[in-house]
Structure formats: structure tokens, C-alpha cells
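What follows is a short report on a single structure.
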Amino acid sequence: MKLSQSVINAELELFESRFKDAVKSKVPMLDRITSFIVKRKGKQLRPMFVLLTAKLCGGITETTYRAASLVELLHTATLVHDDVVDESMERRGFFSTYALWKAKVSVLIGDYLLAKGLLLSLDNNDFRVLQLLSEAVRRMSEGELLQIEKSRTLNLEEAVYFEIISNKTASLLASACAAGAFSAKGDEAHAETMRNFGEKVGIAFQIKDDLFDYGTADVGKPTGNDIKEKKLTLPLIYTLNQVDKNTRRRIINVIKNDNKNPQKVREIIGMVTDAGGIRYATEKMNTYRDEAMALLHQFPENETRNALEELVRFTTDRKF
């Protein structure tokens, strides 16, 4: 991601200082916790997409920085809430907020971050940006609930899987790209093109995450975490639709009743690989990546477009 970062290096630094200001509070405990969260931030892919799409569509403005901060606030809030839902003790190799401050404080911190994001937009009359990103929050909640519902019944249809990941994962990146594009010149056509672009990149990103669960020569040792959590992933869905009834029944039985047994999980990983589930998911991921690239190529070639291309390739080629 070196090119992507170098093209907007100064802008990223400015964004970081604005983001730190955006989470400040008059309550010492809140400041301690938000400081802990900010220090352990991830790769900042979403703010990078906001800044680069704005640059591609006419130039970075003050609205762009606020849009990038809103995206990061929403993303961080959902991660904090996710750790409560999943009872997760770890986030990016460190203790999670949930592990250190438990459920009540974590839920309130997530709510605080959401409120700060909403006010950041409302106080500056960024109504269209807020509308675009509120749509993502709605879709993310729907996707999460749909996944919970379907994991109980193990209703493994490919169309349902794509609905889940489109809402749960891709919607925030789609809205981030749309908000970035709109923040440049208020062009709705550009915003819609980049929303579509972000959606396709987000879907490819999630399929890549699915593939990490099974491990290939590219991604290293399989984790089997999704199987343990009864999550519907594309390699598994494809496999269940290809194998005979007895094998299908065996796989579903392991997912429902033996999903904590490492040997049984390894067996399923082997079945998915043998049935072509890895190959199929990889092909689908690359199709979404290529469709995203085609949308990007509607814009003239320049340093910014090249940086966005690099980001797209990172989502499908990454090793973590």
C-alpha cells in the first residue's frame, strides 16, 4: 500500500489529528478509553478510500476530512459493539475494550462514538454525507441479524450469503467511497459510481476473509474459526451444493454439534478443498475485484487512480 499512502501522506496525517479531536470528551474515563482505541487502530483502509475517491473526483475538501472521520467513528463503534456481541477478549493482537471494561462500558463507548460521528456531520451541515453513511449503519445491522438468523437454521444459499456480506461488510466501504466522491464536488453521478465500486471491493474483501479460514498456499495455516462459529462462508456453501446428501449431512452435523473438535474441523476443511470450494470462492473474489477495476477505469489514469488500484489489489492479495 506504499503508493496509496504516499499519494495522500500529508492528508492522512491531517486526518489523524482531526480524528483524535473528533473523539475527545470532557469525561476523563471516556478519554482514557478512546485514547486506548485510537492507539490500536488498524490499517485505516476506509479513511484512505474516502480521501482517494475525493481526490479522484475533484479534490479533498474540509467535508472530505469530516466524512473520513465519520467513517472511522462508525467503523470503530461497530468493532467495539461486535466484541461485546461475540464476547471477544482480543482485537488486533491486544485486549479488546470488552476484555478491559466489560459489556456495559463497551456498549456506551460504541454509542458515544456513533453520537460523535452524527454530531460531526450535523454541526457542519454535511447532510448528504450523513445520509450516505447512515444507510450503511442500517444495512450493517440488517446483515448481522440476517447472519444470526441463518446460522441457526444453516440455510446455506449463495444468494443469502451475498446479501449478508453485501450488507454486513461491503455497505460501509460502499458508503465511504460514495461520501468521499460526493465531498469533492457534490456530484451525485460520481458518488453512485464510487458507491458501486466500494461495494464490489467490500465483497471481494470479505471473500478473502472467508478464504483465510481454509488456508491456501497464499494465506498460510487454516484457522477454521468460521466453522467453529457456524458462519456461512462461500467455500462451504459451494461445497454443500456440490457434494452428495450423506456428505452434506455429515458436514452440517459437524458444524452444528462438533464445531469445537479440531480434528472434525480439519476434516471439513479437507472436504471443502477437495470439492473445489477454495477455487470457486477465489474465482468469485477475482470477478468482483475486476468489476471494481472496470468502474475505476471510467476515470482518467493518474497517480490517484493508480493508488486506488493498489488498494483494490491489496484487499485480494493481502496475507492478513
Side-chain angles (χ1 to χ4, degrees), residues 45 82 86 88 140 143-173 199-293 312-320:
L45 277 178
D82 280 352
D86 299 336
S88 177
M140 286 160 78
E144 192 73 57
L145 286 163
L146 181 60
Q147 183 172 52
I148 290 167
E149 180 192 353
K150 295 302 180 183
S151 67
R152 284 176 182 159
T153 59
L154 288 180
N155 182 355
L156 298 154
E157 294 172 26
E158 196 171 304
V160 173
Y161 164 84
F162 278 108
E163 185 183 351
I164 290 169
I165 68 165
S166 179
N167 284 340
K168 190 184 157 189
T169 307
S171 62
L172 185 58
L173 191 55
E199 182 105 2
K200 290 179 186 301
V201 177
I203 290 171
F205 187 94
Q206 182 56 54
I207 297 174
K208 181 67 171 185
D209 266 6
D210 288 0
L211 288 165
F212 282 130
D213 207 48
Y214 294 92
T216 64
D218 296 336
V219 300
K221 194 171 81 170
T223 63
N225 288 336
D226 289 332
I227 295 168
K228 291 168 196 164
E229 292 170 19
K230 302 185 187 179
K231 282 185 182 167
L232 320 180
T233 62
L234 191 56
L236 183 62
I237 292 165
Y238 176 83
T239 301
L240 285 163
N241 290 328
Q242 296 301 309
V243 295
D244 59 68
K245 277 186 182 175
N246 285 341
T247 308
R248 182 188 171 100
R249 205 174 291 120
R250 249 174 69 212
I251 293 172
I252 289 174
N253 184 52
V254 169
I255 295 167
K256 280 186 172 176
N257 306 309
D258 267 333
N259 57 6
K260 299 288 191 285
N261 182 325
Q263 189 182 338
K264 298 278 189 185
V265 169
R266 276 197 300 273
E267 277 177 31
I268 290 186
I269 290 168
M271 287 180 193
V272 169
T273 306
D274 293 343
I278 309 294
R279 175 188 47 75
Y280 179 78
T282 304
E283 286 169 3
K284 280 281 186 185
M285 175 185 74
N286 290 337
T287 298
Y288 278 100
R289 178 201 64 200
D290 295 345
E291 286 174 0
M293 289 293 198
V312 174
R313 293 198 186 283
F314 170 77
T315 64
T316 55
D317 297 346
R318 63 201 164 98
K319 301 285 189 282
F320 55 92

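When a residue number appears, it is its place in the shown sequence, counting from 1.
In this structure, Tyr288 and Ala204 approach most closely via the heavy-atom pair CB-CB, 4.1 Å. Between Lys264 and Val254, the closest heavy-atom pair is CB-CG1, 3.7 Å. For the pair Val201 and Ala292, the tightest heavy-atom approach, listed with the atom from each and the gap, is CG2-CB, 3.7 Å. Counting all heavy atoms, side chain and backbone alike, Asn259 lies closest to Val265 at O-CG2, 3.5 Å. Between Ala281 and Pro235, the shortest heavy-atom distance links the atoms CB-CG, 3.8 Å.
Within the 4.5 Å cutoff, the side chain of Met293 has no heavy atoms near those of the Lys200 side chain. Counting heavy atoms from C-beta outward, Gln147 and Leu232 have side chains that stay 4.5 Å or more apart. Two residues are said to be in side-chain contact when any heavy atoms from C-beta on lie closer than 4.5 Å; Phe205 and Arg318 meet this criterion. Within the 4.5 Å cutoff, no side-chain heavy atoms of Val243 are placed close to those of Met271. Thr239 places none of its side-chain heavy atoms less than 4.5 Å from the side chain of Gln242. Here the side chains of Phe162 and Leu234 are in contact, with some heavy-atom distance below 4.5 Å. Two residues are said to be in side-chain contact when any heavy atoms from C-beta on lie closer than 4.5 Å; Leu236 and Ile251 meet this criterion. Between Leu211 and Ile278 the shortest side-chain heavy-atom distance falls below 4.5 Å.
The closest side-chain donor-acceptor pair between Asn246 and Arg249 falls under 3.5 angstrom. Asp210 and Tyr161 form a side-chain donor-acceptor contact under 3.5 Å, judged by distance and modelled atom types alone.
In this structure, Leu240 CG and Ile252 CD1 are separated by 5.5 Å, a value rounded to the nearest 0.5 Å. Remark: Ile207 CD1 to Thr316 OG1 distance equals 10.5 Å, nearest 0.5 Å. Taking OG1 of Thr315 as the reference point, atom CD of Gln206 lies at 11.5 Å (rounded to 0.5 Å). Rounded to the nearest 0.5 angstrom, Ile164 CD1 and Leu145 CG are separated by 10.5 Å. From Asn167, atom CG reaches atom CG of Leu172 across 12.0 Å, with rounding to the nearest 0.5 Å. The distance from atom CD of Glu163 to atom CD of Glu157, rounded to the nearest 0.5 Å, is 10.0 Å.
Results of the side chain to side chain contact (heavy atoms under 4.5 Å, CB included) test with Thr282 over Met285, Arg279, Lys284 single out Met285 as the only residue that passes.
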Take Arg289 and Asn286 through the side chain to side chain donor-acceptor pair (under 3.5 Å) test and state the conclusion after the steps. CA-CA 5 Å; Arg289 178 201 64 200; Asn286 290 337; 3.2 Å; yes

